[in-house]
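One structure is given here, and the rest of the page talks about it.
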Amino acid sequence: MTVSIVRENAIAIVAIDNPPVNALSQAVRQGLVDAVAELDADAAVKAVVLICAGRTFIAGADVNEFGKPPQRPHLPDVVATVEGAKKPWVAAIHGSALGGGLEVALGCAYRVAVASASLGLPEVKLGIIPGAGGTVRLPRLIGPAAAVDMITGGSPVGARKAEALGLVDTIIDGDLRAGAIAFAEGAAEKALPQPISGRAVPVVEAGFWEGAEKAIAAKAKREIAPLRALASVRKASEADFAEAMAFERETFLELRGSEQAAALRHVFFAERAAPRPPELAGVTPRAIRSAAVIGGGTMGAGIAAALRDACLPVVLIERDAAAVARGLANIKAIYDGSVKRGRMTQALADERMAGVTGGDDYGLLADTDLVIEAVFEDLSVKRAVFDKLSAVCRPDAVLATNTSYLDPDAISQGVSHPERFLGLHFFSPAHVMKLLEIVPTETTAPEVLATGFSLARMLGKIPVRAGICDGFIGNRILKVTRAQAERLLLSGATPSAVDAAMRAFGLPMGPFEAQDLGGLDIAAFQRKAARERGETPFAPIAERLCAIERYGQKTGGGWYDYQPGDRAPKPSETVAAIIVEEASGRPQWVWEEADIADAIILPMVNEATRILEEGVALRSADIDLVKIHGYGFPRWRGGPMQYAQARGLAAVVAVLDGLAAAGLAAPPCEGLRRAAQAGGFQGLSGRG
Ligand code: 3HC
Ligand code: NAI
């Protein structure tokens with residue numbers, strides 16, 4: 001039974017058991033309505049405890065039902081039925097009370113929770129707003145300001161904060177069920193509290209709504225749900241309950257069918273599928289209880305912090321004592337920053353640092369489970385490191401390289417027990433960025449690959465398997481992005497126009513601003529290596545800028561000029577003159593924002609399709625995760641592949657054909673043409 005009832009003296013316990021997260025499927029909704037009717041009619045029952053089995057309270061509406069026509073009983077009616085019950089219902093919360101789950105709890109007369117529980121209305125993260133009274137009841141209970149924070153931000157609050165807000169009546173220490181029953185016995189002695197729907201919304205100060213709108217609009221950019229959620233809370237403050245409920249429901253249904261909601265649902269499911277790829281089902285990963293990082297520079301320090309944040313003891317190996325000290329200082333700087341920003345207490349930062357042992361003696365690694373190499377991007381340096389690791393590490397220790405562009409197969413030559421070797425490609429800053437590309441070599445054993453995925457779960461990262469090619473998935477697409485951005489400059493666009501168009505598309509930064517921030521020298525170094533391999537990388541203007549040492553912000557100029565101490569990009573006459581020279585003799589166009597975005601995004605989709613066809617990525621959704629979590633692609637667009645599908649693959653092919661005819665992009669690959677005919681990417685790599 002998804003909803004069952006047991007009676008303990010005068011208290012009925014209604015238990016929901018709908019694994020994995022007690023989502024409000026039709027059966028659960030119906031079960032709740034039936035339970036209210038049955039218990040209202042039972043004179044022996046004085047109060048009711050609503051509790052859930054398994055890891056969590058109700059985590060929300062069933063997201064799987066969102067694409068389908070809504071089925072009765074609708075959730076707002078379920079909540080109203082619970083609220084109208086003749087006996088006091090007590091929601092007993094553990095795990096998460098999210099979305100529709102919190103809305104059901106708001107229908108209850110009381111809410112009690114264990115201290116570890118969290119409560120929230122995360123609907124905006126799915127491109128929708130609460131649809132069962134969340135925007136109408138929450139401001140009545142905790143006031144509009146706190147309700148606006150919770151509903152438009154979508155982040156849950158912990159039980160203690162919820163108690164302080166008045167959202168939770170009491171925290172239960174010890175057994176939740178027993179504590180909730182005791183609470184319900186007390187509630188049975190008192191008159192029923194006024195239902196939340198009958199309460200007034202506390203008045204806000206003048207200018208509150210305008211201020212909130214401005215702040216939310218600035219943050220949400222082109223994401224629609226947060227502002228619509230605000231409008232719904234405002235309606236709840238200004239209209240009566242029934243009118244506000246109708247307004248909320250109308251907005252909810254409209255947004256549920258929107259493109260942004262479809263994209264965000266796609267990402268939701270892709271993120272949950274990523275840590276457990278079906279091809280590794282049944283493969284047992286190796287246990288990771290200790291880790292080491294070789295190289296304490298930008299990446300090594302970030303990786304060490306990520307490992308420490310997962311509570312693993314970490315050894316940091318550097319070249320000599322001075323380099324060890326620098327590496328440890330780099331890690332400390334990360335924690336100092338967290339403390340300064342209020343994200344961590346000093347005591348916790350100290351504890352994290354205390355778990356790092358620095359040294360230049362590889363003997364420290366004799367019993368380490370996992371070693372991640374993050375030394376200079378140079379094949380011979382990396383090979384020398386793995387020679388030493390081969391000599392000192394246990395034969396079952398997992399050895400990983402964080403290389404960006406080198407061939408992991410080449411790095412692994414000579415490694416003893418090469419089946420324990422793989423690429424683990426982190427993104428900078430490694431303790432922050434969620435993406436982890438996992439790159440098996442020809443010899444990587446399945447359980448070692450599975451260990452990469454289990455490590456990602458430990459670190460809270462989104463793992464994506466990538467095959468070996470220049471740049472794996474993410475940086476290979478990035479090369480196309482940058483080449484297209486330069487093609488635009490050669491055909492009449494300016495760096496500011498290109499950057500503005502990409503920001504308007506939803507990226508946090510345009511391609512030129514981003515290069516100025518990261519430094520143009522890294523890509524120049526890679527192009528040099530590519531030329532040495534006989535390739536012909538396309539970056540005519542970047543090459544000119546590097547030749548005059550315009551490497552970006554760090555040299556006071558790159559694609560833009562920068563005043564000392566000011567990071568604001570200013571258009572550069574030097575760059576404009578170089579563009580004119582390089583563009584000479586080429587056709588010039590007038591570029592609209594949308595056309596600029598097409599000329600960059602659609603060639604990325606084309607390259608991504610090749611990546612899929614070659615099996616470098618296994619699923620189109622994996623490519624979406626790479627771009628969202630490694631490169632700031634707007635989540636609400638669902639990633640480039642979801643965007644292309646929503647746009648229509650036939651239309652994408654047509655635009656690419658047009659760009660190719662004008663010499664502005666490569667023509668659509670055969671795979672993309674086939675996908676357009678098939679109406680999707682399914683089948684391209686055999687896994688869709
Ligand atoms: N509907 C359907 N399935 C859901 C779900 C939901 N709301 N929430 C989670 N799941 C599924 C996941 O897809 C996953 O399935 P799988 O095992 O087959 O891959 C499984 O539950 C476990 O999920 P996680 O891997 O995320 O488990 P965690 O323990 O890490 O996290 C959680 C649990 C905190 C509940 C997390 O799943 C979560 O945040 N879920 C989303 C909650 C949410 O967004 N709720 C709002 C829904 S919209 C709504 O309620 C509208 C209403 O206002 C009308
Ligand atoms: P970095 O130059 O900041 O750090 C490299 C560190 O390695 C230095 O501290 C150096 O002292 C140390 N080192 C060099 N040789 C060593 C040896 N033999 N033994 C021990 N330590 C040694 O470089 P960064 O940026 O941290 O890059 C490291 C690796 O990570 C490279 O392979 C790079 O391609 C890759 N990477 C870099 C990213 C970035 O954004 N910087 C992103 C993803 C991967």
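For ligands, and for the atoms within them, numbers begin at 1 and follow the listed sequence.
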* **Stepwise side chain to side chain contact (heavy atoms under 4.5 Å, CB included) test for Asp624 and Val267** => CA-CA 8 Å; Asp624 289 332; Val267 180; 5.9 Å; no
Assess whether a salt bridge exists between [X] and [Y], defined as any Lys/Arg side-chain N lying under 4.0 Å from an Asp/Glu carboxylate O.
X: Lys382; Y: Glu377; value: yes
X: Lys434; Y: Glu271; value: no
X: Lys235; Y: Glu248; value: no

Of all the atoms in ligand 1, which lie at a distance below 4.0 Å from a heavy atom belonging to [X]?
X: Pro130; answer: 53 (O)
X: Glu103; answer: 52 (C), 53 (O), 54 (C)
X: Pro122; answer: 43 (C), 44 (O), 45 (N), 46 (C)
X: Leu126; answer: 44 (O), 47 (C), 48 (S)
X: Leu98; answer: 39 (O), 42 (C)

Please could you name the atoms of ligand 2 that [X] approaches to less than 4.0 Å, counting only its heavy atoms?
X: Gly297; result: 3 (O), 4 (O), 6 (C), 9 (O), 26 (O)
X: Gly295; result: 7 (O), 12 (C), 21 (N)
X: Lys382; result: 31 (C), 32 (O)
X: Tyr362; result: 19 (N)

Could you check which of [options] puts a non-hydrogen atom nearest to [atom]?
atom: atom 37 (O) of ligand 1; options: Arg272, Arg256, Arg265, Lys125; value: Arg272
atom: atom 6 (C) of ligand 1; options: Thr135, Val63, Leu75; value: Val63
atom: atom 7 (N) of ligand 1; options: Ala61, Gly60, Ala132, Ala261; value: Ala61
atom: atom 53 (O) of ligand 1; options: Arg249, Glu65, Glu123, His74; value: Glu123

Donor-acceptor contact below 3.5 Å, side chain [X] vs main chain [Y]:
X: Asp17; Y: Gly54; answer: no
X: Lys125; Y: Phe268; answer: no
X: Asn330; Y: Gly296; answer: yes
X: Thr403; Y: Leu406; answer: yes
X: Glu103; Y: Ala132; answer: yes
X: Tyr362; Y: Cys393; answer: no
X: Glu83; Y: Ser197; answer: yes

How far is [atom] from its nearest protein heavy atom, and which residue and atom name does that atom have?
atom: atom 30 (O) of ligand 2; answer: Asn402 ND2, 3.0 Å
atom: atom 30 (O) of ligand 1; answer: Arg55 NH2, 4.5 Å
atom: atom 9 (O) of ligand 2; answer: Glu318 OE2, 2.5 Å
atom: atom 18 (N) of ligand 2; answer: Val385 CG2, 3.7 Å
atom: atom 17 (C) of ligand 2; answer: Arg319 CG, 3.5 Å
atom: atom 29 (C) of ligand 2; answer: Val375 O, 3.3 Å
atom: atom 39 (C) of ligand 2; answer: Met299 SD, 3.7 Å
atom: atom 2 (O) of ligand 2; answer: Phe376 CE2, 3.5 Å
atom: atom 40 (O) of ligand 2; answer: Ser428 CB, 3.4 Å

* Report yes or no: does a heavy atom of Asp62 sit under 4.0 Å from some atom of ligand 1? =>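 Right, Asp62 reaches ligand 1.
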* May I ask whether Pro20 has any heavy atom positioned less than 4.0 angstrom from an atom of ligand 1? =>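 A heavy atom of Pro20 does come that close to ligand 1.
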Which bit of [X] gets closer than 4.0 Å to ligand 2, counting heavy atoms only: side chain, backbone, both or neither?
X: Val381; result: side chain
X: Phe525; result: neither
X: Ile294; result: side chain
X: Leu406; result: neither
X: Phe426; result: backbone

Polar atom proximity, [X] to ligand 2 (N or O, under 3.5 Å):
X: Ser404; result: yes
X: Arg326; result: no
X: His425; result: no

* Ring-face cation contact, Tyr631 with Lys627, 6.0 Å cut, 45° max ->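 Yes, a cation-pi geometry holds between Lys627 and Tyr631.
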* To do: May I ask you to establish whether Arg457 and Phe453 are in a cation-pi arrangement, using a distance under 6.0 Å from NZ or CZ to the six-membered ring centre and at most 45° from the ring axis?
  =>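 Not satisfied by the 6.0 Å and 45° rule.
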* Does the salt bridge (charged side-chain N to carboxylate O under 4.0 Å, His left out) test come out yes or no for Arg619 and Glu279, once each step is laid out? -> CA-CA 12 Å; Arg619 286 164 279 266; Glu279 56 279 5; 2.9 Å; yes
What part of [X], side chain, backbone, both or neither, has a heavy atom within less than 4.0 angstrom of ligand 1?
X: Ser96; answer: side chain
X: Phe66; answer: side chain
X: Val21; answer: side chain

* Does some non-hydrogen atom of Ala374 fall short of 4.0 Å from ligand 2? ->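 Checking ligand 2 against Ala374, which is what was asked, there is a heavy-atom contact under 4.0 Å.
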* When you look at Ile372 and Phe426, which way does the side chain to side chain contact (heavy atoms under 4.5 Å, CB included) test go after all the steps? -> CA-CA 10 Å; Ile372 302 174; Phe426 290 79; 4.0 Å; yes
